Amino acid sequence: MSTTRRQLLQTALALGAAPAFSRFAFAADVDRFPLGLASGCPRPGGMVLWTRLIGADLPEQVAVQWELAADEGFKQIVAKGTETAEAAWAHSVHAEPTGLSPGRWYWYRFSALGSRSIAGRTRTAPAPDAAEPLRFATASCQRWDHGEYAAWRDMATQELDLVLFLGDYIYEYAASSAPAGATRRHSGGAARSLDDYRARHAQYKSDPYLRAMHARAPWIITWDDHEIANDYTPGRAQDLEPNFELRRAAATQAYWEHLPFPKSARPRGTETRIHERYDWGSLARLITLDDRQWRDPQACPKPGRAGSNTVYLRDCEALRDPRRSLLGSAQERWLAQSWDADRPWNLLGQQTLMARYSWTDPAGPNGPQYWTEAWDGYPLARQRLMGDMLAAKAGNPVVLGGDVHANYVADLKLDFDNAKAATIATEFCGTSISSHGLANDKVQSALPWNTHLHYARSDQRGYTLFDLNKQRLTAELRTVDDAMNARSPVSVERRFVVEAGKPGAQKA
């Protein structure tokens with residue numbers, strides 16, 4: 001992007017406006033595209049283009065035209081088509097152009113019922129033999145009533161090839177739980193029905209900075225729990241509510257309806273395909289996981305509850321059960337076959353903290369204490385994953401996570417209790433866009449017995465910006481000065497580098 005165009009975009013975002021390329025919008029009596037547009041799942045020959053029509057007077061079926069151009073002015077149309085938006089699927093559109101040139105940018109837009117959307121920008125992945133660098137960001141946990149979206153505003157001024165979103169796109173909670181100082185509230189009660197989840201997604205997409213980032217670059221997305229309900233596992237809600245699978249099916253449908261997933265991922269009841277492999281030319285393989293649909297329930301829950309708990313290892317024998325899985329056996333096998341030994345880098349996008357994090361001294365009188373929701377609740381499954389990664393000779397594995405509302409940079413080891421054990425991979429678990437974290441002093445107090453951590457802070461909101469080439473991965477922790485201010489400055493808190501062939505992060 002030229003300096004002039006970047007300045008225009010920064011000015012528009014500072015004013016809370018749509019991105020600069022919205023000048024292609026068509027003036028119509030009724031805006032049918034107030035939720036914006038998005039693209040995702042980039043491949044060398046295509047991607048998914050998304051939008052959703054809005055309006056109480058929409059017919060059951062609407063013909064929606066889409067155009068994809070090689071230029072901003074839409075003088076060179078390279079693909080176009082018509083999709084049928086159906087009321088049964090919230091009038092969402094998931095267009096899938098194919099046969100495109102690899103490794104280049106395109107512009108796209110939609111038209112229906114006399115209304116035209118803004119224009120979005122997207123791109124294809126490089127050709128399989130192209131050694132093209134990758135610039136991307138990871139983000140997660142954008143709870144509406146916990147703060148503003150200054151992080152998205154800042155990210156939309158960056159030149160990114162893609163965004164990797166790692167879960168908690170919405171939160172299902174009712175309006176009453178917003179913290180002091182928050183200026184926004186969830187509309188209505190807790191999301192339970194299909195209409196509730198649709199309304200919650202629409203509320204989140206009313207934020208101009210989130211819409212701007214969707215329009216700027218393609219996204220690759222996976223989910224965590226709050227897209228459905230806190231700490232859920234298959235068939236079981238945290239509060240053991242009856243008929244939970246009906247709620248889960250409604251939330252799953254609304255999730256697909258509002259994000260750029262392919263038609264092949266359209267849910268069947270509660271089931272949808274989220275885990276996937278993406279190759280970025282000859283440089284990297286990006287793998288996304290789903291740690292929700294097939295996980296075993298969290299170990300040793302509190303009486304009368306399901307979901308996570310914090311337990312001493314000595315008091316929870318289930319943590320030592322090798323049969324327990326966070327991914328499910330089928331996905332574990334799929335992942336074991338997905339590691340790439342030929343490309344220099346393997347990026348694993350998954351929902352939560354993979355590194356061990358004991359809240360107490362493992363050598364103390366009570367032994368280690370673990371949170372059962374993350375990989376610490378499934379330690380033998382974690383060991384299997386890393387063993388399969390080593391067996392596959394995966395090139396320079398880097399684990400990317402979210403969920404915990406804190407920035408963690410860690411060395412990954414087969415034996416976390418041995419400070420001299422070899423580092424076999426690197427982890428960057430990024431903080432939240434807006435969701436509040438634990439008290440930072442609690443996190444800091446546990447660092448002496450988690451020496452594999454290079455960095456840990458839970459009082460920061462923001463995202464992580466990455467630059468990847470054959471020689472190294474550079475990570476920039478970008479943090480928001482004031483999470484309650486949409487126009488807050490965003491600064492670089494810390495930089496780290498991972499050199500090819502040398503697992504483990506180093507301060508840059």
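As the structure is a computational prediction, the values presented were derived from the model and not from experiment. Numbers here simply count residues along the sequence, with the first being 1.
No donor-acceptor pair under 3.5 Å is formed between the side chain of W105 and the backbone N or O of T124. Put simply, the side chain of K263 gets close to the backbone of H94: a donor and an acceptor are under 3.5 Å apart. Between the side chain of S458 and the backbone N or O of A406 there is no donor-acceptor pair closer than 3.5 Å. Between the R185 side chain and the W144 main chain, no donor and acceptor come within less than 3.5 Å of each other. Judged purely by atom type and a 3.5 angstrom limit, N346 uses its side chain to pair as donor or acceptor with the backbone of G395. Side-chain N or O atoms of R495 include none that pairs as donor or acceptor with a backbone N or O of E476 at under 3.5 Å. In this structure, the side chain of S434 engages the main chain of R143 through a donor-acceptor pair within 3.5 Å. E427 contributes no side-chain N or O that, together with a main-chain N or O of G401, makes up a donor-acceptor pair within less than 3.5 Å. In this structure, R153 contributes its side chain and P489 its backbone to no donor-acceptor pair below 3.5 Å. Although no hydrogens or angles enter the test, the distance criterion places a donor-acceptor pair under 3.5 Å between the side chain of R216 and the main chain of A156.
Side-chain atoms of V64 and T82, non-hydrogen and from C-beta on, never get closer than 4.5 Å to each other. Residues S282 and D129 have side chains not in contact (no heavy-atom distance under 4.5 Å, counting atoms from C-beta outward). Proximity of V404 to L438: side-chain heavy atoms (C-beta onward) are nowhere separated by under 4.5 Å. The side-chain heavy atoms of Y455 and L477, taken from C-beta on, include a pair separated by under 4.5 Å. Counting only heavy atoms from C-beta outward, the side chains of M47 and P97 approach each other to under 4.5 Å. No side-chain heavy atom of T51 sits under 4.5 Å from any side-chain heavy atom of R32. No side-chain heavy atom of L347 sits less than 4.5 Å from a side-chain heavy atom of I287. With a 4.5 Å cut-off on side-chain heavy atoms, V62 and L113 count as touching.
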Inset, instruction - Please lay out, stage by stage, how R285 and D279 fare under the test salt bridge (charged side-chain N to carboxylate O under 4.0 Å, His left out). - result: CA-CA 4 Å; R285 170 159 292 178; D279 290 333; 2.7 Å; yes
Inset, instruction - Report the C-alpha separation of N407 and T464 in whole Å, then their side-chain angles, then the decisive distance to 0.1 Å, and conclude whether the side chain to side chain contact (heavy atoms under 4.5 Å, CB included) test is met. - result: CA-CA 9 Å; N407 275 318; T464 309; 4.2 Å; yes
Inset, instruction - Could you check Y169 against L259 for side chain to side chain contact (heavy atoms under 4.5 Å, CB included), going step by step and ending with a plain yes or no? - result: CA-CA 10 Å; Y169 190 90; L259 291 167; 3.7 Å; yes
Legend entry - Verdict with reasoning, T352 to W375, per side chain to side chain contact (heavy atoms under 4.5 Å, CB included): CA-CA 7 Å; T352 191; W375 284 96; 3.7 Å; yes
Legend entry - side chain to side chain contact (heavy atoms under 4.5 Å, CB included) between L49 and L37, worked out: CA-CA 8 Å; L49 308 177; L37 40 65; over 6 Å; no
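A distance of 5.5 Å separates CE in M354 from CG in L348, rounded to the nearest 0.5 Å. Distance CZ/F466 to CZ/F136: 5.0 Å, rounded to 0.5 Å. Of the inter-residue distances, the one linking N396 atom CG with L468 atom CG reads 9.0 Å to the nearest 0.5 angstrom. If you take CG on L473 and OG1 on T426, they are separated by 8.0 Å, rounding to the nearest 0.5 Å.
Looking at T288 and E276, their side chains never bring a donor and an acceptor atom within 3.5 Å of each other. Q253 and R266 share no side-chain donor-acceptor pair at under 3.5 Å. Judged purely by distance below 3.5 Å, without hydrogens or angles, the side chains of R273 and H275 pair a donor atom with an acceptor atom. In this structure, a donor-acceptor pair under 3.5 Å is absent between the side chains of Y463 and S140. A side-chain donor from one of Q351 and T222 sits under 3.5 Å from a side-chain acceptor of the other. Under 3.5 Å, the side chains of D290 and W223 contain a donor-acceptor pair of N or O atoms. Looking only at atom types and distance, the side chain of R461 has a donor-acceptor partner in the side chain of S432 under 3.5 Å away. Donor-acceptor pairing under 3.5 Å is recorded for the side chains of T183 and E148. Side-chain polar atoms of S488 and D482 form no donor-acceptor pair below 3.5 angstrom.
Contact detail for A190 and A174: the closest heavy-atom pair is N-CB, 3.4 Å. Contact detail for D196 and A191: the closest heavy-atom pair is CB-CA, 3.6 Å. Minimum interatomic distance between R123 and E132 (heavy atoms only, all atoms of both residues): NH2-OE2, 2.8 Å. Nearest heavy atoms, L68 versus L100: CD2-CD1, 3.3 Å. Here the closest non-hydrogen pair linking Q142 and Y149 is O-OH, 2.6 Å. Contact record, S491 with D481: OG-OD1, 3.5 Å, taken as the closest heavy-atom pair.
Ionic pairing of E332 and R295 is not present here: no N-O contact between side-chain nitrogen and carboxylate oxygen is shorter than 4.0 angstrom. Salt bridge K75/D71: absent, no basic N to carboxylate O contact under 4.0 Å. Between R109 and E67, at least one side-chain nitrogen of the basic residue sits less than 4.0 Å from a carboxylate oxygen of the acidic one, meeting the salt-bridge criterion. The pair D145-R184 fails the salt-bridge criterion, with no side-chain N (NZ, NE, NH1 or NH2) lying under 4.0 Å from an Asp/Glu carboxylate O. Salt-bridge formation is detected for the pair R121/E159: a Lys NZ or Arg NE/NH1/NH2 atom is positioned less than 4.0 Å from an Asp or Glu carboxylate oxygen. For E271 and R268, the salt-bridge test fails: no basic side-chain N is under 4.0 Å from an acidic carboxylate O. A salt bridge is absent between E493 and R478: the closest approach of a Lys/Arg side-chain nitrogen to an acidic carboxylate oxygen does not fall below 4.0 angstrom.
Two rings, from W294 and W334, have their centers 6.0 Å or more apart. Between W256 and W89, the distance separating the two ring centers is shorter than 6.0 angstrom. When ring centroids are compared, Y255 and F261 come within the 6.0 Å threshold. Between Y173 and H226, the distance from one ring center to the other falls under 6.0 angstrom.
Applying side-chain contact (heavy atoms from CB on, under 4.5 Å) to D168 and the options D224, I433, N230 leaves one that passes, D224. Applying ring pair (Phe, Tyr, Trp, His ring centres under 6.0 Å) to H214 and the options Y204, W219, W50 leaves one that passes, W219. The side-chain contact (heavy atoms from CB on, under 4.5 Å) test with M213 is passed by exactly one of D207, V163, D154, T157: V163. With E257 as reference, R198 is the one residue of R198, R52, H201 to meet the side-chain hydrogen bond (donor to acceptor under 3.5 Å, both in side chains) rule.
Cation-pi geometry between R104 and Y106 is met: under 6.0 angstrom from the ring centre, within 45 degrees of the axis.
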